[in-house]
Amino acid sequence: MNHDNSFPSNTSQSSKSTGQQSARQVAIKVITNILLQQGSLSTQLARHQLDVASEHAPMLKELCFGVCRQYPRLNSIALHLLAHPFEEKDTDLYAVLLLGLYQLTYMNTPDHAAVNETVEACRILNKDWATKLMNAVLRRYQREADDIVEILEAQPSVEFNMPKWLVKRFNKHWPEHLEEIIEASNTHPPMCIRVNESLVSRETYKEQLLDLGINTEKGEFSDSALYLKNAVRVGELPGFDDGYVSVQDEAAQLSAHILSPKAGEKVLDACAAPGGKTGHLLEKANSAGLSSMELTAVELESWRMEKIESNLERLGYSAQLICADASDLDAWWDGEHFDKILLDVPCTATGVIRRNPDIKINRKPADIDDLVIIQREILNKVWTTLKSGGFMLYATCSLMPEENEQQIQHFLANQEDAKEVALNSLAADLAVEWGIPVSHGRQLFPQANGHDGFYYCLLQKA
């Protein structure tokens, strides 16, 4: 079996002494809730991370991210091993089984410990009846793992470690890029940071990191991006608490570069959480001495608005923050038009699966159609808040043309005062050549050692 991670095999003893639960116990809750579609991986971890001692937080994250990342394969294996699937009321037992299979296949946990912990988890859940079943299933997998995988590897979910429907969509839309997309989507994403150039140059900060033994490479497309050869805790990044640097993917950094706010402009960041792009827009303005730029950020969910507030506070910037549905203009718009708008709409996030691997579990084909309707409503409504001659940057972290170029095609066909501005036709210092040109806008695919998958299209009101 393939063991590539090492963690303590049992954390229950220290957890008992502190009144907190073991990483495995909390992971069972998180995975169960995800399987029941009761929240995303990020929200579940945020909700439950304090249930474990701080020293076991990495174990919790590894278990949860690992099961989600490997879910298509693990799910196929589990269903092959079980004579009958678990009923919905026993979804927690299925989570236990997935965690056991993950430990046996991908971690350094001794096999006997992984099996024993899985069996014990059934007792902790007060489902002793499942102990013999769980023991028998995992013992069989120990004996027959290679044969089972060989039988299943012809299935797309096992071969590509991706839901079958998603593989079909990727192959339909991007056949020449399928291998690239699958490989990047299954890897651990690199740690990319954004240097606040209003406080320090990228070159100077790169040297500061090198002095600390932290090796980096410059981003190819964003002049504020640095990739760390090895990830570190944000507390190890000099000046992080004082806003000198933020963690942000390079593709996400391109939005502020394209919009390039100017002095005296009124700018809107719609659907703004978690605030990375909000902060970058303010950094761009500040580095150019444009303190008179006025920024408004709109976000639907209050708990995500708190993240924006926290980010801006750390960076030392302020903006008008409004908690509202961006498409409900009566709830937030004062009638004053904006010069520039960043519209990073809710999407399937199929370009950032490696950062949100629970997409492999919960995303369904019908979600695309539902999100297209939501995007269309937001796009049409927010467009009315843009000044004549103003610019709107439409963005998603999706690889689905329905949400991207096809969405824009529909918009342009029905909005007489809208025209597309080719991103490679901008002023010399703003023109871009990244990604690939599509019928409208440009598409970036996730890169194994680089940026995430993103889509951008710049629009101007006639």
**Message:** Tell me whether Lys419 at atom NZ has more than 12 heavy atoms from other residues, nucleotides or ligands lying less than 6.0 Å away.
**Reply:** no
**Asked** For Glu88, does its backbone N or O pair with a side-chain atom of Thr91 as donor and acceptor, under 3.5 Å?
**Response** yes
**Residue that, paired with Ser224, satisfies side-chain hydrogen bond (donor to acceptor under 3.5 Å, both in side chains) out of His257, Gln253, Glu283** = Gln253
**Request:** Kindly check if the number of other-residue, nucleotide or ligand heavy atoms within 6.0 Å of CD (Glu183) is above 12?
**Result:** no
**Item:** Any donor-acceptor N/O pair, Asn311 side chain to Pro274 backbone, under 3.5 Å
**Value:** yes
**Request:** Working to the nearest 0.5 Å, report the span between CG of Leu254 and CG of Leu423.
**Result:** 9.5 Å
**Prompt:** Any side-chain heavy-atom pair from Phe411 and Asn414 closer than 4.5 angstrom?
**Reply:** no
**Request:** Determine whether more than 12 heavy atoms belonging to other residues, nucleotides or ligands lie under 6.0 Å from atom CG of Asn449.
**Result:** no
**Message:** With side-chain hydrogen bond (donor to acceptor under 3.5 Å, both in side chains) as the criterion, how do Tyr106 and Gln70 come out once you've worked through the C-alpha distance, each side chain's angles and the decisive distance to 0.1 Å?
**Reply:** CA-CA 9 Å; Tyr106 297 102; Gln70 305 299 336; 3.1 Å; yes
**Request:** Return yes if some donor-acceptor pair links the side-chain N/O of Ser388 with the main-chain N/O of Ala462 below 3.5 Å, else return no.
**Result:** yes
**Request:** Over all heavy atoms of both residues, which pair between Leu300 and Cys323 is shortest? Give the atoms and the distance, please.
**Result:** O-SG, 3.3 Å
**Asked** Is the count of non-hydrogen atoms from other residues, nucleotides or ligands lying under 6.0 Å from Lys127 atom NZ greater than 12?
**Response** yes
**Fill in**
CD1 (Ile34) and CG (Leu41) are apart, to the nearest 0.5 Å, by 4.5 Å
**Prompt:** Is the count of non-hydrogen atoms from other residues, nucleotides or ligands lying under 6.0 Å from Glu179 atom CD greater than 12?
**Reply:** no
**Request:** Would you sort out whether Lys360 and Asn186 count as a side-chain hydrogen bond (donor to acceptor under 3.5 Å, both in side chains), showing the intermediate values?
**Result:** CA-CA 10 Å; Lys360 294 184 178 185; Asn186 281 325; 2.5 Å; yes
**Prompt:** If every non-hydrogen atom of His56 is compared with every non-hydrogen atom of Ala23, which pair is closest and at what distance?
**Reply:** O-CB, 4.0 Å
**Request:** Would you mind reporting whether Tyr71 and Asn362 have side-chain heavy atoms less than 4.5 Å apart?
**Result:** no
**Item:** Ring-face cation contact, Tyr455 with Arg442, 6.0 Å cut, 45° max
**Value:** no
**Prompt:** Looking only at heavy atoms, what is the nearest atom pair of Gly453 and Leu399, with distance?
**Reply:** CA-CD2, 4.1 Å
**Prompt:** Does a side-chain N-to-carboxylate-O contact under 4.0 Å join Lys387 and Asp339?
**Reply:** yes
**Asked** Roughly how far, to the nearest 0.5 Å, is CD1 of Ile378 from CG of Asp344?
**Response** 10.5 Å
**Asked** How close do Leu412 and Ala418 get, heavy atom to heavy atom, and via which atoms?
**Response** CD2-O, 3.8 Å
**Prompt:** Hey, does Tyr141 have a side-chain heavy atom less than 4.5 Å from the side chain of Leu81?
**Reply:** yes
**Request:** Would you confirm whether Lys461, through its side chain, and Trp383, through its main-chain N or O, come within 3.5 Å as a donor-acceptor pair?
**Result:** yes
**Asked** With a 4.5 Å heavy-atom cut-off, do Leu166 and Ile353 have their side chains touching?
**Response** yes
**Prompt:** Can you list the residues that meet the salt bridge (charged side-chain N to carboxylate O under 4.0 Å, His left out) rule with Lys307, with sequence neighbours excluded?
**Reply:** none
**Asked** So, does Gln443 use its side chain to make a donor-acceptor pair with the main chain of Phe454 at under 3.5 Å?
**Response** yes
**Prompt:** At what distance, to the nearest 0.5 angstrom, does CD of Gln409 lie from CG of Asn404?
**Reply:** 12.5 Å
**Item:** Atom pair NE2/CG of His410 and Leu379 - distance to nearest 0.5 Å
**Value:** 10.0 Å
**Stepwise side-chain hydrogen bond (donor to acceptor under 3.5 Å, both in side chains) test for Glu420 and Gln460** = CA-CA 6 Å; Glu420 179 184 355; Gln460 185 176 25; over 6 Å; no
**Request:** Locate the shortest heavy-atom distance separating Ser327 from Glu377; write the atom from each residue and the value.
**Result:** CB-CG, 3.8 Å
**Message:** Using a 3.5 Å distance criterion without hydrogens, assess whether the side chain of Lys218 forms a donor-acceptor pair with backbone atoms of Leu226.
**Reply:** no
**Message:** Quick one about Ser246 and Arg194 (side-chain donor to acceptor, distance below 3.5 Å, no hydrogens or angles considered), yes or no?
**Reply:** yes
**Message:** Could you check whether Arg355 pairs with Asp452 (Lys NZ or Arg NE/NH1/NH2 to Asp/Glu carboxylate O, under 4.0 Å)?
**Reply:** yes
**Prompt:** Looking only at atom types and distance, does a side-chain atom of Asp90 sit under 3.5 Å from a main-chain N or O of Phe86, one as donor and one as acceptor?
**Reply:** no
**Message:** Contact between Leu104 and Gln142 at the side-chain level, heavy atoms closer than 4.5 Å - yes or no?
**Reply:** yes
**Request:** I would like to know whether Tyr94 and Asn75 meet side-chain hydrogen bond (donor to acceptor under 3.5 Å, both in side chains); could you show each step before the answer?
**Result:** CA-CA 9 Å; Tyr94 198 55; Asn75 183 54; 2.5 Å; yes
**Request:** Begin with the C-alpha distance, continue with both residues' side-chain angles, and end with the deciding distance and a verdict on side-chain contact (heavy atoms from CB on, under 4.5 Å) for Leu282 and Leu315.
**Result:** CA-CA 9 Å; Leu282 290 164; Leu315 293 171; over 6 Å; no
**Item:** Glu313 CD: over 12 foreign heavy atoms closer than 6.0 Å
**Value:** no
**Prompt:** Any side-chain heavy-atom pair from Gln49 and Lys61 closer than 4.5 angstrom?
**Reply:** no
**Item:** Presence of salt bridge, Asp328 and Lys381, under 4.0 angstrom
**Value:** no
**Request:** Output the distance between atom CG (Leu60) and atom CG (Leu50), rounded to the nearest 0.5 Å.
**Result:** 10.5 Å
**Message:** With a 4.5 Å cut-off on side-chain heavy atoms, are Trp174 and Ile436 touching?
**Reply:** yes
**Item:** Residues which pass side chain to side chain donor-acceptor pair (under 3.5 Å) with Tyr456, listed by chain and number, not counting sequence neighbours
**Value:** none
**Request:** Inspect the contact between Asp223 and Lys284 and indicate whether a charged nitrogen and a carboxylate oxygen are less than 4.0 angstrom apart.
**Result:** yes
**Prompt:** If every non-hydrogen atom of Thr350 is compared with every non-hydrogen atom of Ser398, which pair is closest and at what distance?
**Reply:** OG1-OG, 3.3 Å
**Prompt:** Pick from Glu402, Arg363, Glu403: which one makes a side-chain hydrogen bond (donor to acceptor under 3.5 Å, both in side chains) with Thr348?
**Reply:** Glu403
**Asked** Any donor and acceptor pair, going by atom type alone, linking the side chain of Arg169 with main-chain N or O of Met400 inside 3.5 Å?
**Response** no
**Message:** I'd like to know if the side chain of Trp434 reaches the main chain of Leu444, judged simply by a donor and an acceptor atom lying under 3.5 Å from each other, with no hydrogens or angles considered.
**Reply:** no
**Prompt:** Heavy-atom distance under 4.5 Å between the side chains of Ile341 and Tyr394, does that happen here?
**Reply:** no
**Request:** Report, as yes or no, whether the 6.0 Å neighbourhood of atom CG on Asp334 holds more than 12 heavy atoms from other residues, nucleotides or ligands.
**Result:** yes
**Message:** According to side chain to side chain contact (heavy atoms under 4.5 Å, CB included), who are the partners of Glu144, at least two apart in sequence or on a separate chain?
**Reply:** Arg140, Ile148
**Item:** Main-chain N/O of Cys192 paired with Glu250 side-chain donor or acceptor, under 3.5 Å
**Value:** no
**Prompt:** Any Lys/Arg nitrogen of Lys229 or Glu217 sitting under 4.0 Å from an Asp/Glu carboxylate oxygen of the other?
**Reply:** yes
